[in-house]
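Have a look at the structure below before the remarks.
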Amino acid sequence: MMKCVLFVIAASAWAQGVPEEWDIRPMVQSLKSQAEHLKPILDQIQPETWVAKGAPAEYVNQWKSSEADLRYLLQSSDAFAKQPDRLPLALDTYFRMQAMDTMIGSLIEGIRNYQNPAVADLVRGIMNENSGNRDRLREYIRELATQKEQEFQVVDKEAQRCRGALMRESNTPTRKNK
C-alpha cells in the first residue's frame with residue numbers, strides 16, 4: 001500500500017515540474033508586449049466622431065469591447081506567465097487573445113473608413129506581428145493538454161492498481177493469534 005501512495009505522490013510532483021517555465025515565459029512576455037503596443041493606438045481612436053460621419057453606432061461598443069478585451073488579455077497573460085503549467089490559464093489567455101483579435105478586426109474597418117487608413121494598417125500590422133505568438137500558444141496548449149491527459153492516464157491506472165491491491169488485502173482473512 002505504501003508503494004501506491006508514494007507512486008501517486010511522485011507522479012503528482014512530476015506533473016508539477018513540466019513544462020519548463022523558461023520555455024514558455026518568453027513567449028508569453030512577447031505576446032503581452034506586442035498586445036501592449038495596441039493600447040496607445042486604441043486610445044487615439046475616436047469612434048464617437050465617426051457616428052457624426054455616418055458610421056454605425058456599434059463601432060463605439062466595439063471600441064469599448066476592444067479596450068476591455070485588451071485589459072483582460074494583459075491580466076490573463078500575467079497570471080499565465082506566473083503559472084505556465086496551468087492549462088486553464090493558457091486557455092484563458094488564448095481565448096482572450098482570440099476575442100480581442102475578432103473585435104479589433106471588425107473595428108479596423110471603421111478606423112479605415114472613418115478615421116485614418118494608416119492607423120488601420122498600423123493596428124493590423126501589430127495584430128499580425130502577434131500571430132506567431134498566437135500560433136505558438138495554440139501549439140503549446142495542444143501539447144500541454146496532451147501531456148496532462150497522459151499524466152492523468154498514468155495516475156489513474158496506478159490508482160486502479162492500488163485500489164485492487166487494497167481490496168485484495170481487505171478481503172484476505174487475518175490470522176488470529178492462538
Side-chain angles (χ1 to χ4, degrees), residues 12 15-153:
S12 296
Q16 296 298 319
V18 177
E20 301 298 338
E21 294 176 3
W22 56 82
D23 290 335
I24 196 65
R25 279 193 175 138
M27 185 272 300
V28 176
Q29 186 55 43
S30 177
L31 179 151
K32 181 182 174 194
S33 176
Q34 288 180 341
E36 285 173 334
H37 289 128
L38 285 172
K39 175 91 174 96
I41 297 167
L42 287 179
D43 290 343
Q44 294 175 18
I45 296 172
Q46 302 167 349
E48 296 89 2
T49 63
W50 305 350
V51 176
K53 297 176 186 176
E58 186 57 31
Y59 279 125
V60 175
N61 293 332
Q62 289 177 353
W63 173 68
K64 289 177 182 177
S65 291
S66 296
E67 288 191 321
D69 288 342
L70 179 59
R71 279 193 308 275
Y72 295 142
L73 172 62
L74 297 175
Q75 290 169 355
S76 66
S77 62
D78 281 341
F80 177 42
K82 290 175 185 170
Q83 296 178 313
D85 62 333
R86 298 272 327 273
L87 184 57
L89 297 175
L91 286 168
D92 187 45
T93 300
Y94 181 75
F95 291 143
R96 299 278 185 192
M97 186 174 201
Q98 288 293 98
M100 185 191 73
D101 285 354
T102 300
M103 192 58 63
I104 289 178
S106 180
L107 188 62
I108 285 174
E109 289 310 308
I111 298 168
R112 182 174 314 290
N113 294 328
Y114 299 103
Q115 189 165 335
N116 184 339
V119 173
D121 292 341
L122 180 62
V123 171
R124 174 66 65 203
I126 292 171
M127 290 177 59
N128 288 343
E129 286 175 13
N130 224 355
S131 67
N133 288 321
R134 182 179 47 252
D135 294 344
R136 283 191 296 276
L137 177 58
R138 184 179 54 242
E139 181 62 21
Y140 174 75
I141 289 169
R142 191 188 64 71
E143 290 172 1
L144 183 61
T146 299
Q147 174 194 332
K148 294 295 182 186
E149 182 179 17
Q150 290 169 348
E151 291 169 0
F152 174 75
Q153 289 172 349

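Model, not experiment: these values are computed from the prediction. Throughout, numbering of the chain's residues begins at 1 and tracks the sequence.
Just one of Thr93, Asp78, Asn133 meets the side chain to side chain donor-acceptor pair (under 3.5 Å) condition when paired with Lys32; it is Asp78.
Separation of atoms CG (Leu42) and CD1 (Ile45) is listed at 5.0 Å; rounding is to 0.5 Å. Here CZ of Arg134 is found 7.0 Å from CE of Met127. Values are rounded to the nearest 0.5 Å. Annotation: the span from Glu36 atom CD to Ile126 atom CD1 amounts to 11.5 Å, rounded to 0.5 Å. Note that the OG1 atom of Thr146 and the CD atom of Glu151 stand 11.0 Å from one another [nearest 0.5 Å]. Note that CZ of Arg138 and CD of Gln98 are 7.5 Å apart. Values are rounded to the nearest 0.5 Å. Between atom CZ of residue Arg71 and atom CZ of residue Arg96 there is a gap of 11.0 Å, rounded to the nearest 0.5 Å.
Contact annotation: the side chain of Trp63 approaches that of Glu67 to within less than 4.5 Å [non-hydrogen atoms, C-beta and beyond]. Between Leu31 and Leu73, some side-chain heavy-atom pair lies under the 4.5 Å cut-off. With contacts defined as side-chain heavy-atom distances shorter than 4.5 Å, the pair Asn61/Glu58 qualifies. Contact of the Tyr72 side chain with the Met100 side chain is not registered, since no non-hydrogen atoms from C-beta on lie closer than 4.5 Å.
Considering all non-hydrogen atoms of both residues, Tyr59 and Ser106 come closest at CE2-O, 3.7 Å. Closest approach of Gln115 and Gln46 over heavy atoms only: OE1-N, 3.2 Å. Here the shortest heavy-atom pairing between Leu89 and Gln83 reads CD1-OE1, 3.4 Å. Scanning all heavy atoms of the two residues, the minimum distance from Val51 to Ala57 falls at CG2-CA, 3.9 Å. The two residues Ala35 and Asn130 come nearest to each other via the heavy atoms N-ND2, 3.7 Å.
Under a 3.5 Å cut-off, the side chain of Arg112 and the backbone N or O of Ala118 do not form any donor-acceptor pair. A donor-acceptor pair under 3.5 Å is formed between the side chain of Ser66 and the backbone N or O of Gln62. One N or O on the side chain of Ser77 and one on the backbone of Leu74 form a donor-acceptor pair closer than 3.5 Å. In this structure, Ser131 contributes its side chain and Asn128 its backbone to a donor-acceptor pair below 3.5 Å. Gln29 contributes no side-chain N or O that, together with a main-chain N or O of Ala81, makes up a donor-acceptor pair within less than 3.5 Å.
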I would like to know whether Arg124 and Asp121 meet salt bridge (Lys or Arg N to Asp or Glu O under 4.0 Å); could you show each step before the answer? CA-CA 5 Å; Arg124 174 66 65 203; Asp121 292 341; over 6 Å; no
Might you work through the side-chain contact (heavy atoms from CB on, under 4.5 Å) test for Trp50 and Ile111, ending with a clear yes or no? CA-CA 9 Å; Trp50 305 350; Ile111 298 168; 3.6 Å; yes
Does the salt bridge (Lys or Arg N to Asp or Glu O under 4.0 Å) test come out yes or no for Arg142 and Glu139, once each step is laid out? CA-CA 5 Å; Arg142 191 188 64 71; Glu139 181 62 21; 2.6 Å; yes
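Relative ring orientation between Tyr140 and Phe80 is described as tilted, the plane-to-plane angle lying within the 30° to 60° band.
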